[in-house]
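Nothing fancy with the numbering, it's 1 onward along the sequence.
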Amino acid sequence: MQGIVNRLCPSSKFQAAARLSAMTIGASVGWRDALNRALVMPAARSYATTKKVKVNPNATTLDQALPVIKAFEVGRPTHTLEIHIQCHPEKGQPPIRGSIILPHVVKSDIILAVFAEGQKAAEAKEAGADIVGGQDLIEQIKNGTVKFDKCLATPDILPAVAKIARILGPRGLMPTVNKGTVVEDVANAVKHAKRSFDYRADRQNVVHAGIAKVGFELEQVE
């Protein structure tokens with residue numbers, strides 16, 4: 001049965017599904033009938049879950065929409081163009097979030113703070129970090145004398161940073177391993193953080209993101 005499944009189902013995903021279904025059904029109907037039913041089941045499930053995509057009759061192409069937006073925003077070339085994407089995650093899927101580097105920088109005034117000491121602190125400054133410090137920076141944050149948009153931390157100083165998690169956490173700035181903001185390679189992390197922007201879906205699974213400026217040309221937006 002293994003060889004037949006492999007020949008009839010070149011896709012490894014369908015092979016696994018066919019073998020599992022055949023073993024389940026085969027106990028009562030025999031392996032040949034079981035295999036025939038198992039091979040049909042993935043296709044049937046796929047067909048049942050396929051939905052027709054609804055096309056908005058008022059939708060327009062980007063090359064048609066951009067001149068209209070430019071006309072409405074004339075004299076405001078620094079205003080941001082946003083996209084809003086409705087996502088349909090599967091049940092149990094992790095939250096939609098991440099970071100991306102666009103070919104053309106949209107927000108250039110990002111203030112980046114790095115919690116580091118010694119050689120790592122020097123590397124962060126050389127890479128372009130706006131604020132770099134260790135315990136002194138932690139005290140400034142406690143006193144509310146410093147503000148920033150993003151932050152990174154090295155693993156050795158993370159326990160000290162955790163003491164101000166109540167301050168950084170609600171603002172979404174607490175460095176964590178899961179978010180990739182606790183780093184050893186500080187220099188590359190700083191360069192990435194300065195050029196990238198973070199995105200995440202809201203409670204309705206809609207991702208809102210600024211992707212360009214009104215003053216960009218069509219080729220830059222595409």
| task | Evaluate the side-chain proximity of Ile157 to Glu117: yes if any heavy-atom separation is below 4.5 Å, no if none is. | result | yes
| Backbone N or O of Asn188 within a donor-acceptor pair of the Glu123 side chain at under 3.5 Å? | no
| About how many Å separate SG of Cys87 and CD of Gln204, when rounded to the nearest 0.5 Å? | 12.0 Å
| field | Any side-chain heavy-atom pair of Leu158 and Met174 under 4.5 Å | value | yes
| task | Ignoring hydrogens and angles, tell me if any N or O in the side chain of Lys179 forms a donor-acceptor pair with the backbone of Gly172 under 3.5 Å. | result | yes
| Considering all heavy atoms of both residues, which atom of Glu184 and which atom of Lys120 are nearest to each other, and what is their separation? | O-NZ, 2.8 Å
| request: Using the rule that two of Ile, Leu, Val, Met, Phe, Trp, Tyr join whenever any of their side-chain heavy atoms come within less than 4.5 Å, decide whether Val183 and Ile111 are in one cluster. | output: no
| message | Tell me if the CZ atom of Arg200 is crowded by more than 12 foreign heavy atoms within 6.0 Å. | response | no
| said: Looking at Lys194 and Ile110, would you say the former's side chain and the latter's main chain have a donor-acceptor pair under 3.5 Å? | reply: yes
| query | Under 3.5 Å, is there a donor-acceptor pair between the side chain of Asp130 and the main chain of Leu112? | reply | yes
| field | Within-4.5 Å side-chain heavy-atom neighbours: Val207 and Asp202 | value | no
| query | Under a 4.5 Å cut-off applied to non-hydrogen side-chain atoms, are Pro175 and Leu152 in contact? | reply | no
| query | So do the side chains of Phe148 and Ile141 get within less than 4.5 Å of each other, counting heavy atoms only? | reply | yes
| message | Do Asp136 and Glu139 have side chains that approach each other closer than 4.5 Å (heavy atoms only, starting at C-beta)? | response | no
| message | Are Ile131 and Leu137 packed together at the side-chain level, in the sense that at least one heavy-atom pair is separated by less than 4.5 angstrom? | response | yes
| message | Can a side-chain donor-acceptor contact be found between Asp156 and Thr154 if the only test is distance below 3.5 angstrom? | response | yes
| said: Is there a continuous path of hydrophobic side-chain contacts, each under 4.5 Å between heavy atoms, that joins Val146 to Ile164? | reply: yes
| query | Which atom pair, heavy atoms only, marks the closest approach of Val182 to Val177? | reply | CG2-N, 3.8 Å
| query | So, Gln93 side chain and Glu90 main chain: donor-acceptor pair closer than 3.5 Å or not? | reply | yes
| request: Would you check if the side chain of Lys150 reaches a backbone N or O of Leu173 as a donor-acceptor pair within less than 3.5 Å? | output: no
| Does Val190 belong to the same Ile/Leu/Val/Met/Phe/Trp/Tyr cluster as Val132, with side-chain heavy atoms less than 4.5 Å apart forming each link? | yes
| Distance-only polar pair, side chains of Asn205 and His88, donor-acceptor under 3.5 Å | no
